[in-house]
Structures are given as structure tokens and as C-alpha cells.
Amino acid sequence: MLIETKLQPPHLRDALVRRPRLLRTLDAATAGKLTVVTSPAGFGKSTLLSQWAAGISGGIAQVAWLSIDRLDNDLARFLKYLAAAFHRVDPDIAGNAESLIDSSPVTPVDSILTAIINQLSRRAAPIYLVLDDAHLIVSGEIAACINMLVAYAPPALRIVLATRGELPLELAHMKMKGHVVSLGDSDLRFSLEETEDYLANVCGLDLAVSAVVALHHKTEGWPAGLQLAALALAHEGSREAFIAEFSGSQRDVAMFLTHDVLARQAPEIQDFLLRTSILDRFCLGLVEAVCPGRDCASALATIEHSNLFLIALDSSGQWFRYHHLFSEFLRNRLDAWAPEARRDLHRAAAAWLAARGHISDAVDHALASGDADHAARLVEECAMPLTMQGHIPKLTEWLNQLPPDLIAARPRLLLARVWAQFHMSRPRQAVRILKQAKILVGQLSERGEIDRATTRSLKAELQTLTAGVVSATDRSRTAIRVASRWLADFPEDEPFARGTLANICAFSHYSLGELDAARLRSLAARDHHAAANSVFGIVYCDLLLGLVEISAGNLAEAHQLLDRACRLARERLGSGSYTEAMTAIFHVELAYEWNDLQGAERILHQHRQIIEECGLVVHEMACKLHLARLSAAHGRHDEAIVFLERAERLGIEKRYRRLTAAALNERVRLLLSRGDVRAARLALRSRGIEPSAESRPAPIHPLDEYAHIGAARVLIAEGHPAKAIAVLDRIAERMRRDGRLRGFMQVRALVAIAAHSAGETLLALAAAVDVVTLALPQNALRSLIDEGLPMREVLEFARARIPAWSRNSSTATFVDTLLRELGKTAPERARPIAIAGRKQMLSSKETDVAALLLRAYTNRQLAETLSMAPDTVKWHLKNIFGKLGVSSRTEAVLKLKEIGLDAATERQLAG
């Protein structure tokens with residue numbers, strides 16, 4: 001008797017990730033004779049093929065399914081099931097096969113296969129034979145049967161094999177003839193979008209985009225890994241902490257890998273896997289170094305054929321790595337070995353890698369082996385090449401593991417530390433180390449311990465870093481002067497240093513609004529970095545050029561430049577590098593401006609962690625501003641304000657006036673959108689900005705422009721639009737003169753709002769026309785949408801008076817799109833409360849916090865009840881105390897009861 005479930009595809013659950021990308025690939029692949037779907041355990045081969053079979057069965061084609069098990073290596077049993085699979089979909093095929101097998105003294109293989117092939121040749125509609133778990137076939141006789149089926153398959157027969165590893169089939173000849181199409185684990189991995197779909201719609205988990213991105217990176221799209229993580233997350237109190245700690249040593253993952261993968265391997269393969277788990281990447285020679293006396297070629301071949309989470313790193317199959325979770329799982333098991341045994345493995349790896357020029361790979365092993373001197377020499381050797389390729393995080397990690405006295409005695413390591421401090425936006429620490437390095441270089445040169453060429457190279461690096469540190473403290477004009485003077489007489493054989501100095505000039509010009517000068521310096525820098533073969537330098541040049549075009553309002557051109565930079569970083573350094581993240585973080589700004597909020601959020605969280613850990617202050621500030629804007633766009637204004645406060649504090653700490661001003665302007669906008677004019681004015685005053693009309697206004701420095709734009713917002717909100725226009729016109733004139741048309745557009749939008757509120761019809765219309773004329777070619781939506789109801793009123797007012805905006809035209813379409821999007825946004829309502837004889841306002845969130853404050857909730861209880869971050873609770877309490885004029889919880893409760901926010905009000909709010 002045959003087991004019926006072996007002849008049916010696995011049952012598909014209703015909640016399942018649809019994978020149209022792979023289904024289309026399978027449709028194309030199965031046009032040939034044989035399709036082989038290969039991946040390790042847990043990659044969803046059976047589920048995918050079941051989905052595909054369900055779609056196929058709805059048409060004229062049919063699917064014959066057979067799930068293989070170990071017992072099917074018996075030839076007679078296999079043929080019975082094979083015949084039954086065909087017979088289920090076509091009763092004319094192999095109807096008497098079972099009785100023929102049972103009645104014959106020798107299994108009639110040729111007779112049965114010949115009959116099946118001949119009967120299939122008379123069919124017009126195709127039959128797809130799916131053999132699931134085909135890796136369980138080890139019998140040479142059964143492999144010969146499948147080979148015969150493939151070799152003589154008529155047009156109606158297509159064969160699909162799902163396997164964990166290589167098969168005992170004669171595929172090479174068929175591949176040469178183009179009869180075989182393969183899909184591997186790289187094809188089956190979930191994309192980020194599929195991961196998001198799976199976690200939200202299949203698992204029912206409401207996770208932030210950052211959490212989805214983190215899980216996707218950790219599992220590398222491995223469906224089983226995601227499933228195990230999702231099952232555990234359903235019972236976790238702190239999801240963020242679980243995701244941060246999720247690894248191959250996590251209980252469910254470790255159990256799966258132990259029982260379903262490792263336990264099935266021979267002892268010598270298990271030992272080989274544990275020894276080689278210390279290697280981030282490996283080849284045959286390297287594994288022989290850590291597994292002496294073993295047949296490593298045979299072990300590696302076994303692992304490759306068994307598809308044990310092995311990922312090829314090159315097309316020639318020389319270098320490999322393990323899947324991250326599998327590697328973590330193996331390393332966790334290796335921890336049970338004696339420390340000295342583990343150190344011996346690392347010593348062997350470090351020696352082999354260093355001897356063959358893989359210096360950066362050798363460093364980690366030298367450090368793990370405890371040989372600090374050897375590690376220091378290796379870091380010194382590769383510090384500059386790593387810097388030129390943008391591997392600053394790795395360099396920083398190594399330096400943090402070396403003894404300080406070793407670094408202090410080596411100028412290359414001191415300068416590497418300065419590069420790290422520079423990229424981590426720590427200019428004061430960088431200055432101290434620069435002085436130390438300068439003294440050391442002088443001493444070593446005087447004693448003849450370094451030659452003239454080395455001295456000149458180190459001094460060139462010292463000059464470059466000095467200019468960089470000046471730039472990092474927001475002294476742009478000084479940085480331009482210093483870098484330009486040194487560039488005029490700089491060694492020609494130092495192209496990376498020359499390119500970096502030119503980049504420093506370019507960025508400084510950009511920060512001052514001098515776009516043409518920034519373009520010229522960036523293009524010159526790009527030539528130098530190309531000569532130095534510095535991927536990091538070239539990418540940074542394209543990033544600067546992209547920022548210049550964003551400022552100029554050429555968003556499409558900026559997108560091309562940033563995209564070119566990201567592609568180069570991925571091609572040369574691999575996906576997820578610091579160099580890619582540095583550029584991608586500004587892709588967020590473009591996606592946001594084009595109102596692609598989901599795309600902006602996805603890009604941001606893909607690269608947020610590496611930027612926050614080791615990005616330049618410009619990138620870290622941009623990251624926080626993007627987080628705030630996206631939070632506000634989703635209606636989470638309190639969260640947005642917390643992000644903006646952090647950005648301002650960071651800007652002040654790092655002395656970056658321009659970015660501090662930008663964060664302040666955003667915070668003022670959000671406070672005003674909630675009707676909190678007093679808080680907005682206080683925010684400006686705390687930064688030394690007093691919104692007022694000045695008889696003889698002082699010049700506004702380009703670095704402070706956005707702070708004064710925030711002041712103009714407050715003047716508009718307080719009913720002084722003419723004063724606001726006077727401030728905005730001064731800023732707009734300079735922006736227009738500099739060609740900073742994106743900022744000019746944003747300022748003119750505020751002028752239109754101010755003029756409209758003042759009844760200045762002609763000025764409001766003229767400004768509205770400027771805004772739309774500038775916004776349309778760059779499809780700049782979000783800058784205007786974020787202005788909310790006042791912007792909508794201006795556009796509706798202008799559309800009724802400008803005939804061209806009502807005709808069938810691209811301008812009319814653009815205005816309609818803006819109005820439609822503006823109609824979707826609604827500012828957070830504020831709830832007025834009379835306090836101490838004056839009309840004050842608590843926002844809705846502040847009122848909710850105040851209501852629970854009356855019930856003596858702790859900060860932690862407030863956070864849990866209102867689903868807020870602890871910092872957000874503190875922010876609300878600070879605002880409430882300020883508005884009530886109190887300094888403690890007890891005083892706040894008394895004041896709230898005095899003004900009437902009592903338990904009855906609380907019940908009313910809750911209802």
C-alpha cells in the first residue's frame with residue numbers, strides 16, 4: 001500500500017508569503033528539461049514548489065509530486081511511487097506498473113521507464129514531475145533511472161528536483177547542452193520586502209522598520225531563521241533586546257542546527273566545521289593550516305556537496321564563508337574547547353594569512369591569539385589602505401583592542417587613531433592625538449629611525465588631518481584657507497592626501513553655500529582619488545557633488561550621483577559597508593522629498609546603525625533629522641521632537657552650527673503645528689535667537705539661516721507676518737544669489753504663508769508661483785506638505801486666481817497632487833487649559849500624561865501605559881512642569897487639580 005501524502009504537495013497555509021519573483025523564475029526555468037532547486041535546510045524549497053504547483057495545476061499543465069524519503073532508495077519501491085505519481089495526474093500512464101513490479105522476479109526497470117516515456121510522448125499538455133527531498137537518493141540504480149528520464153524526456157515531461165545538496169546524477173553533460181537550470185539558496189533567500197511581509201502578515205508581528213531590517217540582516221533572508229525568531233518574539237517582553245541579541249546561539253536556532261544539520265554529519269566533518277568556524281572566509285590552503293593532518297579537500301567537498309550553509313565568495317569556487325547564523329552557532333560550540341586550543345587555531349590562521357599578504361584578515365586572528373605585538377605590526381601595515389577604502393569601523397575596532405603604549409610608539413597607528421576620531425566626530429580628541437603624532441614623527445626623524453620618504457608621507461597625512469579636524473569643528477572658512485595653502489605645495493606622489501584636502505575644501509564651500517566652488521573642488525578631488533584607487537575617496541566626492549545638487553534643487557541629478565556612489569561602494573567593498581551607508585543616508589532625503597516615506601524609512605534603517613556608531617557628524621545629524629521627519633510624517637510628533645532635541649545637543653557638542661540650526665527649525669515647526677507658540681519661542685531663545693523686528697538687522701551667517709527661518713515661523717504664528725517676511729527676504733536673496741534653489745523654494749513657501757496671513761495678495765501669489773515653479777521640475781513634495789494647513793490655504797487661494805493652475809497641464813496636476821496630500825495631513829490638536837489667569841495649552845499627549853500623573857503613575861508606568869519611550873515621558877513632564885510653572889510632581893498635581901484637570905476630566909478624556 002502506498003502512502004498518499006507522499007504523492008501530494010505539502011498543504012499550504014492561508015497566511016503565506018507570496019513570492020511572485022521566484023514563481024516567475026520557476027515558470028521560466030521549467031521550460032527546460034530539468035530544474036534543480038538547491039539550498040540548505042529551512043530555505044522553503046517545498047513551500048515554494050507547492051505554491052508554484054498550485055498555480056500550475058489551475059491551467060492545462062499538471063504536476064506529478066513525489067516526496068522522497070530514505071526508504072525510497074529501494075529500486076522497486078521508488079518505481080512504484082514514481083509510477084503512482086504519474087498515474088494520479090494521467091490514468092493512461094503506468095496503470096499496471098505496481099502489479100508488473102510485484103509479479104516480476106527482477107525489477108523491470110527498462111520496461112516501466114520505456115512505457116512511461118512512450119505514454120508521455122503522446123501527450124500535448126506538459127506534466128511536471130517534482131521530486132522533493134531528492135538529496136535522500138543515494139542509490140546509483142535510482143540515479144540511473146532519473147538520468148534516463150531526463151535524457152529521453154519527451155517535450156511533455158519537465159522534471160523539478162528539490163535538494164539540500166548535490167545529486168548523484170550526470171548533470172555536467174546536460175548542463176553543457178543547456179538542459180539544466182538551477183536555483184540556489186541565493187535565489188531562495190527572502191528579500192527585505194518579503195521579510196517585512198512575512199513578519200507582518202504571516203506572523204502578525206507589528207515591528208518597526210528598524211527591527212525588520214535588523215532581523216533580515218542577521219538571518220541573511222534564511223526563512224527558517226526568520227520563522228524561529230518570529231516564534232520566539234511572540235513571547236518576548238522586550239522585542240528590541242531580543243533582536244539585538246539574536247544569533248546562532250539562540251536556543252531555537254541552535255536546536256534546529258544541532259538536530260537537523262550538525263548531528264547528521266560524521267564526527268570528522270563536525271570537527272572540521274568547528275575548527276574552520278573561526279574563519280570569516282576561507283580557502284583550501286587556509287583550512288589546511290587550521291586542520292593539519294586532515295583530508296581537508298575531501299571535507300570541504302563533502303560540506304559543499306551537502307550544502308551545509310556554505311556560501312561561495314567567488315565564481316571559481318576558491319573562497320567560501322559560512323552563513324552568519326551557522327557560523328555563530330559553530331563558534332558558540334567551539335567555546336567549549338580549551339582556551340589554548342582556540343588560540344592555537346588563531347595563531348595558525350594569522351600566520352598563514354599574513355604570509356600570503358592577507359594582512360587585514362590576519363589582524364583579527366593575531367588579536368584573538370593574544371599576540372599584541374604581531375597584531376600592532378599588521379595594523380600598522382594595513383591602516384592606510386583600509387582608510388583609503390573606508391574601512392574605518394574595522395580599523396577602530398582593532399585600535400580599541402591594542403594596548404595604548406603600543407599605539408603611542410607608532411606614528412602610523414596614532415594617525416590611524418586620528419582618522420577614527422575624525423570620522424566619529426571627535427575633533428578635540430583628534431587634536432590631542434595629532435599633537436602627539438607630530439612630536440613623535442619629529443623625534444623619530446631626528447633619530448634617523450624613519451627615512452625621508454616616510455617622514456614626508458607622514459607629514460602630508462598630518463597636514464591633511466589637521467585641515468580635516470578644523471573642518472570638523474565647523475570653521476569652514478579657516479579650513480578652506482589652510483587646505484588651499486597646503487594644496488599649492490603638496491607632494492604629487494600623495495594623491496589620497498591631495499584628494500582628501502580637496503574634499504575638505506569642497507565640503508567647507510558647500511557648508512557656506514558656495515556651490516560652484518564646491519563642485520570644482522569635488523571634481524578635482526575625484527581625479528586625485530581615482531589616481532590613488534581610493535574607493536572611499538571617489539564615493540565621498542560623488543556624495544559631495546550629490547549634496548551640492550540637492551542644495552541647487554537638481555534632485556534627479558543628485559539621485560544619479562548618489563546612486564553611482566552607492567553602486568561603486570557595493571561593487572568594490574560589498575553590501576552594507578560604511579562607505580555605502582555614508583552615501584545612502586542622503587538617499588533618504590531624496591526619497592522623503594519625493595514623498596516615498598516607506599522607501600525612505602527602509603533605506604534609513606538599513607544603514608542607521610553603522611552611521612550612528614561611526615559616522616561623521618554630518619551623517620549622524622542627517623540620520624537624526626530623517627528619523628524626526630519620518631516620525632512626524634507618521635503622526636508621532638512627540639517622538640520626533642525627542643529626536644530633534646538629541647540632534648540639537650549633538651550639533652552643539654560637535655559645534656556644527658548649520659546642522660544645529662536645521663534641527664532647531666524642524667523642532668519649531670513641529671511645536672507650532674501643535675499650537676505651542678510659547679514652547680517654540682523658548683526653544684529659539686535657548687539657542688540665542690530672539691524673534692523680533694530690528695531697526696538695523698545684523699547680517700545672517702549662512703550657517704545660522706535655518707535658525708532664523710525658525711524665528712520667522714514664530715513671528716508668523718504670533719501675528720507679525722510683515723516682520724517674518726523681512727527676515728525671510730534677507731535669507732532668500734542670498735540663497736537665490738548662491739543658486740541654492742531648494743532652500744530658496746522652502747523660504748518662499750513661508751513668505752507665501754506670511755503674505756497670505758497678512759492679506760498681501762500680490763506677494764502671496766508671487767511667492768506661490770515661485771514655489772510651484774521651483775518644486776515641479778524636482779518633484780519636491782514633502783517640503784511643502786510638511787507646512788500643513790497654512791500651505792494648503794495658500795495653494796487653494798492661488799489656484800482660484802491663477803488660470804494656468806486650473807488648466808490641463810503638468811503644473812495643474814502637480815498642484816492637485818500637493819493639495820490632495822496636504823488634505824491627508826492634520827496637525828495635532830491642542831487642548832486649551834486656563835492656568836494662572838493666562839490661556840495656556842497642553843497638547844493631547846501632554847494631557848494624557850497629566851491625567852495619569854494625577855493617579856501617581858511612575859515614569860516607567862507612564863511609558864508602559866502610553867507606549868512611549870522613557871525619554872519621551874521625561875520630555876512631556878518637563879513641558880508640563882514648565883507650562884504649569886512648577887518644579888516637582890507634587891506641585892504639578894496640586895496645580896492640575898486647581899485648574900480643573902481632575903478625575904472627572906480624566907474619565908472624559910478616556911471616554
Side-chain angles (χ1 to χ4, degrees), residues 244-245 247-249 275-282 286 289-290 321 324 327-328 330-332 334-335 337-426 429-430 432-434 436-437 440 461 465 536 573-574 576-579 581 609-615:
E245 296 170 4
S247 71
S249 60
R275 285 174 171 274
T276 55
S277 68
I278 68 163
L279 305 170
D280 290 328
R281 64 186 189 112
F282 50 84
L286 181 52
V290 297
R321 72 169 175 86
H324 292 325
S327 179
E328 288 168 355
L330 293 172
R331 289 177 186 179
N332 189 58
L334 187 67
D335 285 343
W337 285 28
E340 189 57 36
R342 296 199 304 272
R343 284 195 288 269
D344 285 343
L345 292 177
H346 286 292
R347 285 191 196 98
W352 190 93
L353 288 163
R356 286 154 184 81
H358 301 289
I359 305 300
S360 59
D361 291 312
V363 174
D364 283 316
H365 295 293
L367 287 166
S369 73
D371 190 345
D373 284 319
H374 186 206
R377 289 194 301 273
L378 293 172
V379 174
E380 195 171 32
E381 188 174 342
C382 65
M384 183 45 67
L386 284 177
T387 301
M388 290 170 63
Q389 305 311 321
H391 293 301
I392 307 298
K394 173 57 72 176
L395 191 56
T396 304
E397 180 187 333
W398 289 340
L399 291 170
N400 290 340
Q401 294 180 66
L402 289 173
D405 59 324
L406 277 180
I407 296 175
R410 299 168 183 263
R412 285 284 183 200
L413 294 184
L414 284 173
L415 291 176
R417 178 64 86 184
V418 178
W419 281 109
Q421 299 290 0
F422 173 57
H423 280 272
M424 295 172 71
S425 302
R426 297 173 179 169
Q429 294 92 323
R432 178 178 57 79
I433 302 170
L434 262 177
Q436 187 180 352
L440 180 60
E461 196 172 340
L465 284 166
F536 178 80
L573 304 175
S577 68
Y578 166 59
T579 304
Q609 182 177 357
I610 193 169
I611 288 298
E612 290 186 336
E613 287 178 356
C614 54

Legend entry - For the student: nearest non-hydrogen atoms of A409 and L440, plus distance: C-CD2, 3.8 Å
Legend entry - Flag, side chain of R342 to backbone of D335, donor-acceptor distance under 3.5 Å: yes
Legend entry - Distance in Å, L345 CG paired with E340 CD, rounded so as to fall on 0.5 Å steps: 10.5 Å
Inset, instruction - With rounding to the nearest 0.5 Å, note down the distance linking CH2 in W419 to OG1 in T396. - result: 12.5 Å
Inset, instruction - Using atom types as modelled and distance alone, determine if a side-chain donor or acceptor of S577 lies under 3.5 Å from a backbone N or O of L573. - result: no
Legend entry - Closest non-hydrogen atom pair between R343 and S369, with its separation: CD-O, 3.5 Å
Legend entry - Atom pair CD1 (I407) and CG (L415), whose distance is rounded to the nearest 0.5 Å: 12.0 Å
Inset, instruction - Indicate yes or no: does D371 engage R347 in a salt bridge with an N to O separation below 4.0 Å. - result: no
Legend entry - Closest heavy-atom pair and its distance - L402, A372: CD2-O, 3.9 Å
Legend entry - Atom of R410, atom of D373 and distance for their closest heavy-atom approach: NH2-O, 4.5 Å
Inset, instruction - Could you point out which residue of V363, L353, L286 forms a side chain to side chain contact (heavy atoms under 4.5 Å, CB included) with H358? - result: L353
Inset, instruction - Identify the heavy atoms of F282 and R321 that sit nearest to each other, and give their distance. - result: CE2-CA, 4.0 Å
Inset, instruction - Give the C-alpha distance, both sets of side-chain angles, the deciding distance and a yes or no for salt bridge (charged side-chain N to carboxylate O under 4.0 Å, His left out) between D280 and R331. - result: CA-CA 11 Å; D280 290 328; R331 289 177 186 179; 2.9 Å; yes
Legend entry - Over all atoms of both residues, closest heavy-atom pair of L378 and I359: O-CG2, 3.4 Å
Inset, instruction - Test E461 against R412 for salt bridge (charged side-chain N to carboxylate O under 4.0 Å, His left out), laying out the working first. - result: CA-CA 10 Å; E461 196 172 340; R412 285 284 183 200; 2.9 Å; yes
Legend entry - Rounded distance [0.5 Å steps], CG in L413 versus CH2 in W398: 11.5 Å
Inset, instruction - Could you tell me whether a side-chain N or O of R275 sits under 3.5 Å from a main-chain N or O of V290, the two making a donor and an acceptor? - result: yes
Legend entry - CG-CD distance between L434 and Q421, expressed to the nearest 0.5 angstrom: 10.5 Å
Legend entry - Spacing of D364 atom CG and K394 atom NZ [to the nearest 0.5 Å]: 4.0 Å
